[in-house]
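Note that ligands are numbered from 1 as they come in the structure, with each ligand's atoms numbered from 1 the same way.
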Amino acid sequence: MSTTSNTPAAERPAASQPPSCKVSASPQEAPASPPGKRPAPPCTLVIFGAGGDLTKRLLMPALYNLAVDGLLDDGMKIIGVNHGERETSVWREDLHKSLEQFAADKASTFHAGKLDDKAWDWVAQRLEYMAGEFETDDTFTKLKQQLEQTPGGNVIFYLAVSSRFFKPIVEHLGKAGLLKEGEGGGFRRIVIEKPFGTDLASAKDLNAHILSYAKEDQVYRIDHFLGKDTVQSILAVRFANALFEPMWRREYIDSVQITAAETIGVEGRGKFYEQTGAFRDMLPNHLFQLLGMVAMEPPNSFDAEAVRDKKAEIFDAIKPLTPDDVVFGQYEKGPAGVGYREEPDVAPGSTTETYAAARVFVENWRWAGVPFYLRTGKRLAARRTEISVQLKPVPFRLFRDTPVDALTPNVLTLRIDPAHGTSFDFNVKTPGPVMQIGAVQSSFDYGDFFAERANVGYETLLYDCMLGDETLFQRADSIETSWCAVDDVLHPKTGGAVPVHGYAAGSEGPAEADALLARDGHAWRPLKRDAVQKK
Ligand code: BG6
């Protein structure tokens with residue numbers, strides 16, 4: 001969260017920006033950076049997985065956006081490592097083409113319209129392709145030679161690869177001496193994508209492996225939800241407004257719903273999804289991160305460790321989930337298309353869940369007894385990532401003809417995707433001589449107040465990593481406590497695996513998920529819903 005960082009880039013310790021690591025300036029100069037923001041220190045970004053989807057869809061658009069904003073240093077270099085020989089010019093051309101496609105596609109998060117040629121040229125001039133297998137010494141020897149051209153330079157190793165390569169790449173980097181931050185030398189950082197392990201044991205093993213070659217402050221574990229402005233804004237809504245914080249506690253809050261519903265299916269990722277499932281894919285990472293932002297205590301400052309400590313306390317306070325707290329579903333043929341089992345690379349008898357719902361309790365002073373209902377799924381009725389905080393009913397039946405039970409509950413909804421904003425449901429008197437209560441909604445959309453950019457969410461994360469600001473990255477302990485909270489669901493100590501219930505593609509999810517809330521007297525907010533009707 002660079003804007004809230006206590007230490008501006010220019011004031012960071014010298015180790016982050018040694019003068020010696022600046023590579024020769026390119027004739028193409030970076031555009032001026034926005035007021036109050038400075039370019040990140042010069043560095044070489046080494047992307048393992050240069051030919052992959054992540055590089056194309058997210059990293060390049062993010063680097064391009066950072067270049068448009070003038071937030072990258074002229075001395076920046078980008079080395080793309082991938083198996084298969086390829087000319088740098090071909091790699092650049094491929095990236096340019098896909099960038100243009102995404103920019104023109106209104107459905108893409110990167111719908112920038114026409115590309116700014118100056119910014120693209122600036123990025124393109126810094127791209128260099130290097131052919132190499134991720135598990136052979138030769139690749140790392142070649143890489144070392146390349147990096148030695150900028151002695152003492154800052155280097156970020158970005159692992160945009162399948163998780164099976166995380167360990168071998170880190171090991172090779174370590175053994176080749178590439179993770180050593182020498183005296184007067186620049187930083188060496190590793191960015192690791194999710195999935196970070198598949199359960200508690202594997203996450204612990206991965207952490208231990210990485211930390212035997214690098215220090216914790218060199219490791220940047222990404223959860224891309226934290227790169228979304230609307231997610232970062234949860235803390236702004238909570239801690240920059242006197243209105244909300246006093247009621248942000250068990251005395252006033254009845255329940256919280258956290259939803260990440262998608263209309264897409266597995267989109268050609270059948271192989272990955274078969275082994276992962278909706279629960280592992282989304283719950284102990286993205287949804288827990290949202291829960292952490294909603295539930296954390298106010299930190300003393302926006303210092304990375306202060307924020308991460310408070311979030312860590314929440315993950316630690318989550319009551320371990322049991323199979324009884326979760327519902328799994330799998331989409332079947334329905335109005336939105338074929339069933340999951342008919343998707344490519346999916347076993348005809350697959351029992352992998354494409355939907356997961358959970359009831360979570362945070363066992364601490366502020367949240368005791370308040371249920372947090374989490375749900376996520378593919379091929380649902382609507383795309384909707386949001387957090388709804390429902391307040392308790394008013395304490396007294398003042399309006400006799402309108403029993404308080406019938407009043408619409410007050411709900412604050414923080415809309416993350418695809419709508420960006422907040423809304424608040426509350427009650428007023430309807431016009432006319434009779435005292436009647438009517439439900440209304442007050443809402444705010446980012447687009448009405450701010451110029452929204454085609455931001456893919458990785459801009460902040462990359463920029464922060466270059467600045468050395470770890471606020472939005474996950475610490476080893478939090479990853480492990482999150483997996484720990486769900487371990488009994490993944491490896492039930494008693495009973496069998498969690499049953500998987502069918503739901504029609506394009507529906508609201510399995511009926512059993514409704515029952516999970518109904519037993520507490522609650523109901524999911526419909527995915528497909530209109531704003532409160534205005535007359
Ligand atoms: C990814 C999951 O981490 O997040 C995907 O692997 C999911 O399955 C995606 O579709 C959702 O992210 P977003 O930003 O599109 O809501």
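Of the N or O atoms in Thr385, none lie within a sub-3.5 Å distance of an N or O in ligand 1. In terms of polar-atom proximity, defined here as any N/O pair under 3.5 Å, Tyr273 makes no such contact with ligand 1. At under 3.5 Å, a nitrogen or oxygen of Lys228, whether backbone or side chain, sits near a nitrogen or oxygen of ligand 1.
For atom 6 (O) of ligand 1, the closest non-hydrogen atom on the protein side is Asp281 OD1, 2.7 Å. Protein heavy atom at the shortest distance from atom 10 (O) of ligand 1 is Glu262 OE2, 2.6 Å. When only non-hydrogen protein atoms are considered, atom 15 (O) of ligand 1 lies nearest to Arg383 NH2, 3.4 Å. Given atom 4 (O) of ligand 1, the protein heavy atom at minimum distance is His224 CE1, 3.3 Å.
His491 and Asp199 form a side-chain donor-acceptor contact under 3.5 Å, judged by distance and modelled atom types alone.
Salt bridge annotation for Lys167-Asp205: present, with a cationic side-chain nitrogen under 4.0 angstrom from a carboxylate oxygen. Remark: Arg359 does not engage Asp324 in a salt bridge, criterion side-chain N to carboxylate O under 4.0 Å. The pair Glu216-Arg221 meets the salt-bridge criterion, with a side-chain N (NZ, NE, NH1 or NH2) lying under 4.0 Å from an Asp/Glu carboxylate O. The pair Arg475-Asp309 counts as a salt bridge, with a side-chain nitrogen and a carboxylate oxygen less than 4.0 angstrom apart.
Between the side chain of Ser507 and the backbone N or O of Gly509, at least one donor-acceptor pair lies under 3.5 Å. When atom types are taken as modelled, the side chain of Trp483 and the backbone of Ala201 share no donor-acceptor pair closer than 3.5 angstrom.
Stacking of Lys194 on the aromatic ring of Phe196 is not recorded, the 6.0 Å distance cut-off and the 45° axial limit not both being met.
Using a 4.0 angstrom heavy-atom cutoff, Glu267 does not count as in contact with ligand 1.
For ligand 1, the atoms closer than 4.0 angstrom to any heavy atom of Lys378 are 5 (C), 7 (C), 8 (O), 10 (O). Close approach of ligand 1 to His286 is summarised as follows: ligand atoms under 4.0 Å from at least one heavy atom of the residue are 1 (C), 3 (O), 4 (O). Applying the 4.0 Å criterion to heavy atoms of Lys194 picks out, from ligand 1, the atoms 1 (C), 2 (C), 3 (O), 6 (O).
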